[in-house]
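Encoded as structure tokens, the structure appears first; notes follow it.
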Amino acid sequence: MATINVLIAVDGAKLAQQVADGSINAGSANAPTVLGSYSSSDVYISMIAPNSAVSNGTQGQSELQIQANGGDSVEWAITTLDNNFDQTAFLYNGNFNPANAINTPLSYACGQAYAYLGTGNPATTTPTKFVNQVSTVTGTILKIGVKVQYTLSFVLVDNATGNTIGYFTWDPFINVN
């Protein structure tokens with residue numbers, strides 16, 4: 001049983017701009033705005049996973065398809081393209097079809113981890129230790145031999161004001177051996 005890490009990058013600036021100019025609806029927690037699929041959602045979302053887990057050449061796309069086995073865990077982490085500097089994105093919900101293919105409710109975890117970065121301009125080659133906040137969502141595959149289409153929902157927050165920009169959702173896949 002393996003853990004498949006999936007990193008989700010959201011174009012928070014584009015979503016914030018389009019909510020502000022009325023191009024897309026801000027949605028609500030109970031009715032998040034659907035970002036479309038494939039090329040429509042690729043404008044806002046990019047997902048990556050270890051190459052060995054990706055199927056159908058979908059690395060970097062919003063409709064990432066990963067291969068998993070029964071008992072494997074999928075761990076999703078989300079950030080904005082500016083690393084949560086101007087806006088913060090966090091996952092708050094997920095739905096799966098078939099519903100019994102992955103454990104629900106999902107496990108939401110938020111913790112701290114040490115990380116190391118170079119400091120200065122240009123950055124020194126000697127890294128400096130700092131505390132990084134890490135948030136993940138995990139689900140365990142319960143059913144084998146299925147293709148799971150799922151939705152993940154996230155909220156986008158304006159870091160300058162603390163106000164919610166909007167609630168959004170899209171639908172990637174898991175192919176279970």
D171/S37 under side-chain contact (heavy atoms from CB on, under 4.5 Å): CA gap, chis, key distance, verdict: CA-CA 7 Å; D171 60 344; S37 59; 4.1 Å; yes

Results of side-chain hydrogen bond (donor to acceptor under 3.5 Å, both in side chains) for T161 - residues two or more places apart only: N163

Check against side-chain contact (heavy atoms from CB on, under 4.5 Å), T33 and Y167: CA-CA 6 Å; T33 297; Y167 300 85; over 6 Å; no

Donor-acceptor contact below 3.5 Å, side chain N83 vs main chain F85: no

Test side-chain contact (heavy atoms from CB on, under 4.5 Å) applied to T79 and I8, step by step: CA-CA 6 Å; T79 189; I8 305 160; over 6 Å; no

T136: side-chain hydrogen bond (donor to acceptor under 3.5 Å, both in side chains) partners, not counting sequence neighbours: none

Test side-chain contact (heavy atoms from CB on, under 4.5 Å) applied to A16 - qualifying residues, sequence neighbours left out: Q87, I165

L152 CG to N95 CG distance, which is reported to the nearest 0.5 Å: 9.0 Å

Inter- and intrachain pairs under side-chain hydrogen bond (donor to acceptor under 3.5 Å, both in side chains), touching residues 10-29, at least two apart: Q17-D21, Q18-Y44, D21-S23

Test side-chain hydrogen bond (donor to acceptor under 3.5 Å, both in side chains) applied to N5 - qualifying residues, sequence neighbours left out: E75

Identify each donor-acceptor pair in which a side-chain atom of residues 118-125 lies under 3.5 Å from a protein atom, sequence neighbours left out, and give them as a table.
residue : atom : partner : partner atom : Å
T119    : OG1  : T128    : OG1          : 3.4
T124    : OG1  : T126    : O            : 3.0

D86 and N159, any side-chain heavy atoms less than 4.5 Å apart: no

Residues clustering with V134 (ILVMFWY side chains joined when closer than 4.5 Å, directly or via others): none

Check: T151 side chain, G94 main-chain N or O, donor-acceptor pair, under 3.5 Å: no

Least distance between heavy atoms, A115 atom then N132 atom: CB-CB, 4.1 Å

Heavy-atom pair with the smallest gap, counting every atom of D72 and A2: OD1-N, 2.9 Å

Inter-residue atom distance N84.CG - Q133.CD, 0.5 Å rounding: 11.0 Å

Sequence neighbours excluded - ring pair (Phe, Tyr, Trp, His ring centres under 6.0 Å) pairs with any residue from residues 112-162: W76-Y150, F96-Y150, F154-F168, F154-W170

T164 OG1 to L156 CG distance, which is reported to the nearest 0.5 Å: 9.0 Å

Non-hydrogen atoms of A89 and I78 that approach each other most closely: O-CG2, 3.5 Å

Scan the side chains in residues 97-111 for donor-acceptor partners under 3.5 Å anywhere in the protein, sequence neighbours excluded, and list what turns up.
residue : atom : partner : partner atom : Å
N103    : OD1  : T140    : N            : 2.4
Y108    : OH   : Y92     : O            : 3.3
Y108    : OH   : N93     : N            : 3.2

Atom CG of L117: over 12 foreign heavy atoms under 6.0 Å: yes

By side-chain hydrogen bond (donor to acceptor under 3.5 Å, both in side chains) - contacts of T58 (at least two apart): none

Apart from L7 itself, residues in the same hydrophobic cluster as defined by side-chain heavy atoms under 4.5 Å: I48

Flag, side chain of T169 to backbone of P32, donor-acceptor distance under 3.5 Å: no

Donor-acceptor list for residues 59-68 side chains, cut-off 3.5 Å, not counting sequence neighbours:
residue : atom : partner : partner atom : Å
Q59     : OE1  : A49     : N            : 2.9
Q59     : NE2  : A49     : O            : 2.8
Q59     : NE2  : N51     : OD1          : 2.7
S62     : OG   : Y38     : O            : 3.4
S62     : OG   : S41     : OG           : 2.5
S62     : OG   : D42     : N            : 3.3
S62     : OG   : D42     : OD1          : 2.6
E63     : OE2  : Y38     : N            : 3.4
Q65     : OE1  : N56     : ND2          : 2.5
Q65     : OE1  : N175    : ND2          : 3.3
Q67     : OE1  : N175    : ND2          : 3.4
Q67     : NE2  : N177    : OD1          : 2.8

Student check: side-chain heavy atoms of I24 and L15 closer than 4.5 Å: yes

Straight-line distance of I141 CD1 to S73 OG, nearest 0.5 Å: 8.0 Å

Non-hydrogen side-chain atoms of L91 and S153 separated by less than 4.5 Å: no

Same apolar cluster (I L V M F W Y, side chains within < 4.5 Å links), F173/V54: no

